[in-house]
Amino acid sequence: MKAAYSSPELWLIILHLPLLALSSDCDNRNVFLACNTLQASLGRSIIQDNHGPDYQSTITGAWNLFNTQFQPTCIVFPRQSSHVQVAMQSIYTFDVNYAVQAGGHSAMKGWNNVNDGILISFKFMNNISYNPSKDTIILEPAVRWGESVTALESQGVSPVGGRVDDVGTGLLLGGGLSFLSPTHGYAADNYVELDVVLVDGTLVTATASNEYSDLFRALKGGANRFGVVTRYEVRAIHTGSLIDKTWFGGSIAYPNTSFDAVAQAVSRYTRDVSDPNAAILVYFAAIALPDASLTNLAIANLYYNGTSQLPENIFGEFLSIPSIPESTMLTSLSWPDIAFSLTEPLPSDGHGQTFACTVLAGDEDDSLYVDVVREWTNFTTSFRQEFNTSVLAFTPIPVSQIMIGRERGGNAFDSNHSSVIVPYNQIHVQVTLPLGVPQMSPEMEEGRQLFIKQAPRSLGFPLYINECDAEQNVFETYGQYEFLKQTYMKYDPTRFNIRRTAGPPGL
């Protein structure tokens, strides 16, 4: 595919730019040249500096307070793929730092904003459409999962997307976990076609069977390292409309005296439950109170598609654990009901966020699940004066979900080698700081890193990159790590992405 404009055309634009008061620093000089080149080519509504009408709201709109502290030299607001091509060619030619922001829902500092570089914000690329003849859904990068469910509800379809309504399409690039996943695989396993702008501005369309099939597979877990996706075409799942109450479930809350029992129930569910109509998300929450005491509880979100009650043989253990009766809510549900059951404040809620992850196999001893909860409890107790909330979440990955990925050509994280498939559990730790606190104390960060190091982890199973710490080398846990490294070098031989944008290490 041809890039948006050639290098000679680029330098003709540069020659006609107004004189600039440039810093003597080479990087600063280059980024100013790149921004002015882009503004001359695409106009001031698409390329905005800090005086532009959408600049400040984009910076402050990142969900994580830590990512609102960066000041890009200019922001690109593309309306179509060709604008991203022009932006990436200029970024590549001038060799400057950049970042890409879709939904902005990232706890990894610097992964979706940049200081003294160029930010590509997909704020205005948020179209959603359903193609009945192909039975596929087209998503532009700025779409959030709640928006997709709302837009498609009347047509009775939905993408396999996130479990929190405010999460955006960046979730797809990390694999993507959904309550639909036991039946339909990781969200990325549902790709049909991707439009991708490579680091040099070249636009390609990748599918499972064309010349870019390796890139297609690498983008199932490769995060932001392989290019900028400007269009996702994914399978449409026929989930029904708001009135179709085909699911049953909801949430059960437990006191901290039930923590060990809940952890053991998660372990046994992961090992024993193979029914793809069942889906759960179990999390433990610590909420800091003004007097520095903690409120601790566990929440089990339990769902089953196809019955008017929760099957006892699947969910019986969770139903029997001593709970908080007034906080238990179980009922008949539609898919849109489930999609909006977990909500978060819209971006710019003013809290700093951090993530970390670990993974446990389904055939591990129950005690390891209990140990993870106890390690997390020790961490939250030690730093109860310094955070607002902390969550430890468990997502079982059943054999059915793993098999779907293999049947659809594989993804970046599954090994595809073993004939014996073991289910496993993706475990996520989130820490939210008090409102307006701009950084974590060194002592708390040391304690958080100690938790990451000491929390039990099963070797040979992939960590989940969407919920990792920025320093965790998730790629090296992937079953397709060597494939991923080879594919990266094929599409970015100068390692431009690694050098010029923040993201997961290891390539």
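Not measured: the values here are computed from a predicted model.
When every heavy atom of A223 is checked against every heavy atom of P504, the shortest pair comes out as CB-CG, 3.9 Å. Residue N210 comes nearest to T205 through the heavy atom pair ND2-O, 2.7 Å, listed as atom of the first residue, atom of the second, then distance. Listed here is the closest heavy atom pair of T58 and S121: CG2-OG, 3.7 Å. When all heavy atoms are compared, the tightest approach of A87 to L38 is CA-CD2, 3.6 Å. Among all heavy-atom pairs drawn from E467 and M108, the shortest one is N-CE, 4.2 Å. The heavy-atom pair separating G436 from L65 by the smallest distance is C-CD2, 3.7 Å.
The cationic group of K220 does not satisfy the cation-pi geometry with F216, failing either the under 6.0 Å distance to the six-membered ring centre or the 45° limit from the ring axis.
Side-chain contact annotation: N112 with N67, donor-acceptor N/O pair under 3.5 Å present. For the residue pair T487 / R217, no side-chain donor-acceptor distance below 3.5 Å is found, with atom types taken as modelled. A donor atom on one side chain and an acceptor atom on the other are not found under 3.5 Å apart for N126 and R144. Side-chain contact annotation: Q85 with Q89, donor-acceptor N/O pair under 3.5 Å absent. Side-chain atoms of D214 and Y491 form a donor-acceptor pair, as typed in the model, at a separation below 3.5 Å.
Between V199 and T494, the closest side-chain pair of non-hydrogen atoms is not below 4.5 Å. Counting only heavy atoms from C-beta outward, the side chains of M88 and Y98 approach each other to under 4.5 Å. Residues F379 and V431 meet the side-chain proximity criterion, which asks for heavy atoms closer than 4.5 Å. Put simply, the side chain of H184 does not reach to within 4.5 Å of the side chain of D189, judged on heavy atoms.
Separation of atoms CZ (R408) and OH (Y191) is listed at 13.0 Å; rounding is to 0.5 Å. Distance check, rounded to the nearest 0.5 Å: CD of E386 to CD of E445 gives 11.0 Å. For the atom pair N28 CG and T73 OG1, the distance stands at 6.5 Å (nearest 0.5 Å). Distance check, rounded to the nearest 0.5 Å: CD of E443 to CD of E446 gives 7.5 Å.
Relative orientation of the F124 and F77 rings is perpendicular, given thresholds of 30° and 60° on the angle between their planes. Below 30°, between 30° and 60°, or above 60°: for F394 and F284 the angle between ring planes is above 60°, a perpendicular geometry.
Sparse packing is recorded around CZ of R44, with 12 or fewer heavy atoms of other residues, nucleotides or ligands lying under 6.0 Å away.
Evaluation of the side-chain hydrogen bond (donor to acceptor under 3.5 Å, both in side chains) rule for Y464 yields N466 as partners, not counting sequence neighbours. For D135, there are no salt bridge (Lys or Arg N to Asp or Glu O under 4.0 Å) partners, not counting sequence neighbours.
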Taking it one step at a time, do T150 and I128 satisfy side-chain contact (heavy atoms from CB on, under 4.5 Å)? CA-CA 10 Å; T150 299; I128 306 162; over 6 Å; no
Verdict with reasoning, Y478 to Y481, per ring-ring contact (aromatic ring centres under 6.0 Å, His included): CA-CA 5 Å; Y478 282 11; Y481 186 36; 7.9 Å; no
Steps toward side-chain hydrogen bond (donor to acceptor under 3.5 Å, both in side chains) verdict (Q486, E482): CA-CA 6 Å; Q486 292 167 11; E482 291 305 316; 4.7 Å; no
side-chain contact (heavy atoms from CB on, under 4.5 Å) between T380 and R384, worked out: CA-CA 6 Å; T380 58; R384 61 185 180 273; over 6 Å; no
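Only one option out of V437, N64, L435, T389 pairs with H351 in a side chain to side chain contact (heavy atoms under 4.5 Å, CB included); it is L435. Shown are T354, I452, V429; of these, the side chain to side chain contact (heavy atoms under 4.5 Å, CB included) with D469 is made only by I452.
Salt-bridge annotation for R500 and D95: present, with a side-chain N of the basic residue lying under 4.0 Å from a carboxylate O of the acidic one.
Of the two cysteines examined, C35 and C74, the SG atoms meet the criterion of being under 2.5 Å apart.
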